[in-house]
Structure formats: structure tokens, C-alpha cells
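Each chain gets a letter, A, B and so on, in the order its sequence line appears, and its residues count up from 1. Side-chain atoms are counted along with the backbone in the values below, which use heavy atoms only and exclude waters and symmetry mates.
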2 protein chains.
Amino acid sequence: MERKSAGGRPTVYDIAEAANVSTATVSFSFHHPDRVRPETRERVLNVARSIGYLPSASARSLVHGRTNALGLYSFDLILDAKGETAEGGTTKDAVLSEEPDVLLYPLYVDEVQRGFELECSSNGQALVLDSVASQDAGRMADFAGRVDGLAVFPGRTEDEILERVARRVPVVLLSRPMQSGMPFYYIQVDNDSGMRSLISHLVDVHGLTDIQFVGSLVDETTDFQFRFESFQASLRARGLSVPAKPLNQTVLFGEESFANLKRTRRPGQPPQALVCVNDQLALYILDEFTKHGVRVPEDVILTGFDGILAGRLSKPTLTTVRQPMEAMGRHAASVLYGSAGKPWDESDSATFPVQLVPRQSCGC
Amino acid sequence: MERKSAGGRPTVYDIAEAANVSTATVSFSFHHPDRVRPETRERVLNVARSIGYLPSASARSLVHGRTNALGLYSFDLILDAKGETAEGGTTKDAVLSEEPDVLLYPLYVDEVQRGFELECSSNGQALVLDSVASQDAGRMADFAGRVDGLAVFPGRTEDEILERVARRVPVVLLSRPMQSGMPFYYIQVDNDSGMRSLISHLVDVHGLTDIQFVGSLVDETTDFQFRFESFQASLRARGLSVPAKPLNQTVLFGEESFANLKRTRRPGQPPQALVCVNDQLALYILDEFTKHGVRVPEDVILTGFDGILAGRLSKPTLTTVRQPMEAMGRHAASVLYGSAGKPWDESDSATFPVQLVPRQSCGC
DNA sequence: TACTTGAATCTAAGCGCTTAGATTTGTTCA
DNA sequence: TGAACAAATCTAAGCGCTTAGATTCAAGTA
């Protein structure tokens, strides 16, 4: 059973040889102490330590058919509302003189990810992360082949590849639209009641009547859809005028628009409200407004959705609807862990509650 | 070449059989398109798609001896200054009514981790995360066997296991003390100049003279050591009285201490300054002070170190020294990626600059 | 003494993939 | 027509590990 004991990492064969036992005994020494005589085990372990043995996770996984790792697949939303690219200054010329931009981190996905991490950690699972720029069937398939289960964030993916993966591995979809074919586990939030309580607040507490919905095409996730529909329904239920379409934020920018926003407001009449599809967009708009002298909430009222950290740092702070992001991430990991690597038998879902967080931007 | 084509995930053998080719051709179809006739390739790929094939990363890694994944190993610092445990509410009973605690997230490690993630992503490497509660030689070794290189955050680990891993895999140590044996790549910050400019600010701008260093035993990282020494050196250079030992935060708490802090200040005399080893500690202390009526910066001046986000949200905001956390994480990943899985030949290091960030807590 | 028994250890197959080298097939040219 | 060569495909070994089943051996039993 001669093996090349080349310069690479030492293997069980190297240990076996040096300890004068078979590889079976080596393996037993690590994993079934009772099946080997104490002094033999001792000897094996010592040899292993002294030659610097590191077990190969790949070989192990190959045998067991399990990796003991859960995956989280996300999409670089780099070309965001803000249009920034995340070119990486790998060198040390980091921008230290400015406060890090909270509109880049931590975002929604980061907080969900944190929950996922915590849960993996407490289940002793490794966490494998991959985030890609564009959809890439191969990449996703390869990724799926690395883990016992995975959660996928919103982003452009062909349904087909998702189905393909779900056929072999349990997949959790985070705030993603329903798929047709294979079973998935959907994790979502109660957008409807969130939006209702937001509108209720704007109307009943602040007496607003002119309310628009703002969302850009880039953000057309499921949430976008649901939120806009609930938005319309809420206004309709109150007999207020219901926008047929969401506003694209670009129409808000430009000198005429800014001037208009500042002027529009007549004494005694409440300002217009812009209900944004999420915090990121709201904060971006807030930024532009501030730059151009449009005052929030005096000239116009602005609200977000999600409850990202940045909304607590902005001036004014951002009224929003908070999602239990960490809990959602935890739940995703927990459900995957429970599946033990077997694809779901049937689709299932969990809907998390949300909570209105009134802050300054709505006039509170 | 009969293989059991059981109910498990389909393999190259299944594809080969269905497409009536050998496994070699299957493999070539995926990875060496030029070595197979276009129509054959087409056929193979179609079969693969239709039977729901997912390549096994384990098998691949086993063959290649590389995983194309980089690891980040961290320690649950859960039993922190704050003494909270991170018991996981996996269920939906998340606490939605309160703002998430920024003293739990994002912290120093999270921001470094983000940089690491970004760099992995842009190099097409998967990122494997593991965070453990206590040192556990086996766990760390297993983890190391999963990746082509890894970075390790500060935390209690036996040096020996670190050495063992470093012998076979490139290891980056983040703000960790120098080791003796094997080569490592150290990533650190210029604690010295950071501390100097902080002291300079307190003394030269605010005219302070009574300056103490606060740090708890839990935080005894390398940074602790360096920062305290620079702290002493700075004071000494200015002829101010130099504390021989750091204060443990516990001595600051208790009614007598609070009362004392409020009383001490005589008109015209500047308040005492508490230079904390890091932001987390400073913010925790700030919290306690606020609860007990000790005013910052009026009664006492407080500074941190690191530049975590929470310091921008506290009242008052926290004067600190900012580290380029994201850049450090990026650099770690970048260096590991460059090593192509080969352990370092010799130790090396990179020291990142820091930047004083004066905010309200120092009286600015 | 011959025989059973169980503990300790070993042999060898196999996990799913890649790839060097062998084989087959098709084409070109003397 | 057959040799020479290239293209397409195949055979089979091997990556490092685990584990069922075989083997060895010492102790216990009749």
C-alpha cells in the first residue's frame, strides 16, 4: 500500500506509516476512541500532531455525502440607487478621513446574514458565503454542491437554475417571489400590515392626504410588489386619491422638482408624503433633498421600509417599518439545519411580523 | 463500470450513462469544451440539466487539492463587557419593539469581515466562516482543512494549534500577538500614532491633565498592550502624571464612584479623561454613566478606539480613533488569495494607519 | 488440550471527480 | 492503398478519508 508521501499536506497514510498502524486505526483513533487501545490511540494522536496533520474536509465530505456547511447566496447590489461601484482598494490607501458610508453597510442583507451566521455557529455548522455580480448558472450550481442547504437573497437569477438546485438541496428563499416547480421554503415579512400601519400613521396622526409611492425599477423585488399593493389598498380604504403607479425617484430630482417641492406647500396645508419602497431609497432621496435645500419633514415627508441602521443616523432620522432581520436570518439557517441536507418534500413558508418605527422624517 | 445509481444526487456516472459517453467526456464537456465535439457536449449538458446534476465540490476539491475557499475564524465574544449571552430566538418572537442594540452589531470584527467578504467575492473565492465559543483544537484543525487559507481574529486559542495550522496553510493573524514558531502574516494598526494623536488632542486642544486608561482583562489583546504603552509614553513625553496600571471599568461603577465623578470637578478645572481601550468599552461605560447621572463630557471625558458605528449613534457621540476595518479585511483576503494555498515562507506584516475622530465625548 | 469469544487491528472498497495516457476513428498525403 | 497524424473518446488510477467485514491473537472455557 505504498503511497507517495510527497511534500504536500500529510494524510492519514503518513500518520499510519509513522505510527505503524493501518489507516483504519488512524481514523478510529480520531472518531471511535473505544475501538482502539488507549496507548495506540495516544501514539497515533501524537504522530498526527507532530507531523502537522490537518484532516481534509473534502475527503471527509465526499465519504459522508455531507459538508456540514450551510450556504448563503447573495448578489452584489453594487450598482445601487447610489450608482456606486465597489472597486476594491486592496492597498492601504483606505479613505480614513471620512466616516464610513452607512448607506453601504450595514444594509438589510447584512443584518439578515448576521442572524444566519449566529444560527450556523450555534449549530456547529460552517457558513459558506458567495456573492455574485450577475446570474451565473454554473457558479450557483457549484456553490450548491458545497453545502447541505442554502438560502438565497433577492437578485436576478434564472428561475430554472434555482429549480435545479432545489431539486437536490433544500433552498430557502428570502423575500423572493414564489416559484412554480420545486418545493422551496419562503421567508417573508408581513408587508401588508407594515404598510397599513405606516399609512395609518401618516393619515391619522399627521393628517396627510397627498401620498405617493416611490420605487425604482432596480428594486422590483417581491416586496416592491406587495408594498405597493398594500399602499394602494390602504389609501383606497381611506378614500384618498390612489396613485396608479409608483413614482420613479428620478422625477423628483432636478431643479424644477426641488423648487416645486419647496414652493408647493401652502400655509396650513400638510406637505406631500413620499412613501419609499425601502430605507435605502428613502435615504438616498433624503440626501439629494438636503443637498438642494428641500427640507424634510417641513417641505416634504419621507418614509422608508426595512429598518436599516442608516435610518437612525440620518438627519432627520427616518420613519420606517422595521423587519426582524436577524430573526429571519436565524430562522433560515435553523430550517436548513433541520432538513439535514434533504430537499423539501413540499413548499413551506414563514412570515415575520414588522413594526412601525416613527421617527423625525414623518414629522414626529 | 456498473455503479449504483441510487436515489442520491446524480453524479458524473449517471450523466455518462444517460448520455452514452464516459465520465471523462462528461468532465471535459464542462471544463474543456475544446476537447469534445460540440454535439456531444450539447448532449451531455442537456442530460446534466435534465437529471438535475450538481457537481460535488468535495470531490473536486479532493482531486485538485484546493477548495477555492478562504476562511475567517472568529470567537464569540458573547460574554462581553455587557455580559450578555446571545441565546438565539430562533422562533419568531423577535424583539421588534426596540431598536436593535448597536453595541452588539456591527462591531469591529463585523466590519473587518465585510472587507474580507468583498475581497473574496471579487476574487471569486467562496468564504467560509466559523465562529466558536471556546478554543477547540479539533474544530480549528477541521476548519483549516476546509479552506486554502484563513484569517484569525483575536480570541483565546492555544498557540500550538495555530502553529500546527500555519504549518500547512497560510494564516493571517488579525490584531493578534506575534507567535514564535511558524510564519504568519500579521495585520495590525498603528496603535502608537493613533494613541499619540488622541492624547495630543486631549492635552493640547482641551487642556486636560488628569488622564486615565481604562481596559478590562477580557480585552487583553495585543492592541490593549500597545495602546496602553503608547498612552503612557505620550503622557510621559508631556510631563503629565503617568498611571502605572490601567483602570478596570468596574472601579468606575458604584454610587461612590458616580458621586465622586460628579463632585470632583471644580470650577475652572478641566474634567478627568477616561481613555478606553476600545469603543465597546467606552460606550458601555457611557451607558452606565448616563444611567447614573454622570454627564459626558461635562463631568468626565470619555474616548474610545476603533471607530465602530455605535460611536456615531451614542449621546454624546464618541471621540475615537478610527481603523480602516474594511481595508484590513480586504487586505487579509487578498494576501491569502495571493498565496494560492501555500503556507508562508516567512512571517510578514502590514500595519494600517489610523485616524483621530474627535466627536462630542471629548468636549469637541 | 482444543475451542469459543471478543478486543484490536487490518484489508480493501468506495465516495465523485479529474486527467494522463491508451485507444479508436477519421482525415490527409505519399 | 497504406502510413502518418490529429481529433474524439475512453480506461483506469488516484485524490484522502471512512467503514464493513476479514483477520489476528490472547484470554476464557469445557
Check: Separation of B:Phe28 atom CZ from C:dG16 atom P, in whole Å?
Finding: 20 Å
Margin query: How many whole angstroms separate atom CD of B:Glu39 from atom C1' of C:dG26?
Written below: 14 Å
Notebook entry, point to check: Does the side chain of A:Tyr13 get closer than 4.0 angstrom to OP1 or OP2 of D:dG14 through an N or O atom?
Noted result: no
Note to self: By the 4.0 Å heavy-atom rule, please label A:Val21 as base, sugar-phosphate, or nothing.
What the structure shows: sugar-phosphate
Margin query: If the cut-off is 4.0 Å, is B:Ser22 near the phosphate of D:dC10, judged by side-chain N/O to OP1 or OP2?
Written below: yes
Note to self: With no hydrogens and no angle check, just 3.5 Å: does a side-chain donor-acceptor pair link A:Thr157 and A:Tyr73?
What the structure shows: no
Note to self: Nearest whole Å is fine: how far is D:dC15 P from B:Asn68 CG?
What the structure shows: 19 Å
Checklist line | Rounded interatomic separation in angstrom, taking CD from A:Glu17 and P from C:dT9 | finding: 18 Å
Note to self: If you compare every side-chain N and O of B:His64 against the phosphate oxygens of D:dC15 (OP1, OP2), does one of them come in below 4.0 Å?
What the structure shows: no
Checklist line | B:Leu72 vs B:Leu174 side-chain heavy atoms within contact, under 4.5 Å | finding: yes
Check: Do B:Arg35 and D:dT9 have a side chain to base donor-acceptor pair shorter than 3.5 Å?
Finding: yes
Notebook entry, point to check: Hey, does the side chain of B:Ser27 come within less than 4.0 Å of C:dT18's phosphate (OP1/OP2), counting only N and O?
Noted result: yes
Check: Between A:Thr23 and A:Arg37, which is nearer to the 5' end of DNA chain C once each is assigned its nearest nucleotide?
Finding: A:Arg37
Item checked: Candidates B:Tyr337, B:Phe116, B:Tyr186, B:Phe352 - the one meeting ring pair (Phe, Tyr, Trp, His ring centres under 6.0 Å) with B:His331 -> B:Phe352
Next item on the list: Tell me yes or no: between the side chains of B:Arg49 and B:Asn46, is some donor less than 3.5 Å from an acceptor?
Entry: yes
Check: Could B:Glu326 and B:Arg330 be called an ion pair, given the rule that one side-chain N must be under 4.0 Å from one carboxylate O?
Finding: yes
Next item on the list: Take the protein atom OH of A:Tyr53 and the nucleotide atom P of D:dG16, then report the distance between them rounded to whole Å.
Entry: 10 Å
Notebook entry, point to check: Roughly, in whole Å, what's the span from CZ in B:Arg146 to P in D:dG16?
Noted result: 18 Å
Margin query: OP1 or OP2 of D:dG16 versus the side-chain N and O atoms of A:Ser56: is any pair under 4.0 Å?
Written below: no
Notebook entry, point to check: Side-chain N or O of B:Arg60 less than 4.0 angstrom from OP1 or OP2 on C:dT18?
Noted result: yes
Margin query: With nearest nucleotide decided by heavy atoms, which residue, B:Val36 or B:Val63, maps closer to the 5′ end of DNA chain D?
Written below: B:Val36
Item checked: N or O in side chain of B:Arg9 less than 4.0 angstrom from C:dG16 OP1/OP2 -> no
Next item on the list: Among the candidates D:dG16, C:dG16, D:dT19, find the nucleotide nearest to the side-chain atoms of A:His32.
Entry: D:dT19
Next item on the list: Indicate whether the side chain of B:Tyr108 and that of B:Ser175 have a donor and an acceptor atom separated by less than 3.5 Å.
Entry: yes
Note to self: Between P on D:dG16 and CZ on B:Arg168, what's the gap in Å once rounded to a whole number?
What the structure shows: 12 Å
Checklist line | Pairwise 5' ranking along DNA chain D for B:Leu62 and B:Pro38, keeping only the more 5' one | finding: B:Pro38
Item checked: Spacing between B:Ile51 atom CD1 and C:dG16 atom P, to the nearest angstrom -> 12 Å
Next item on the list: Check whether any side-chain N or O of A:Thr40 sits under 4.0 Å from OP1 or OP2 of C:dT9, and answer yes or no.
Entry: yes
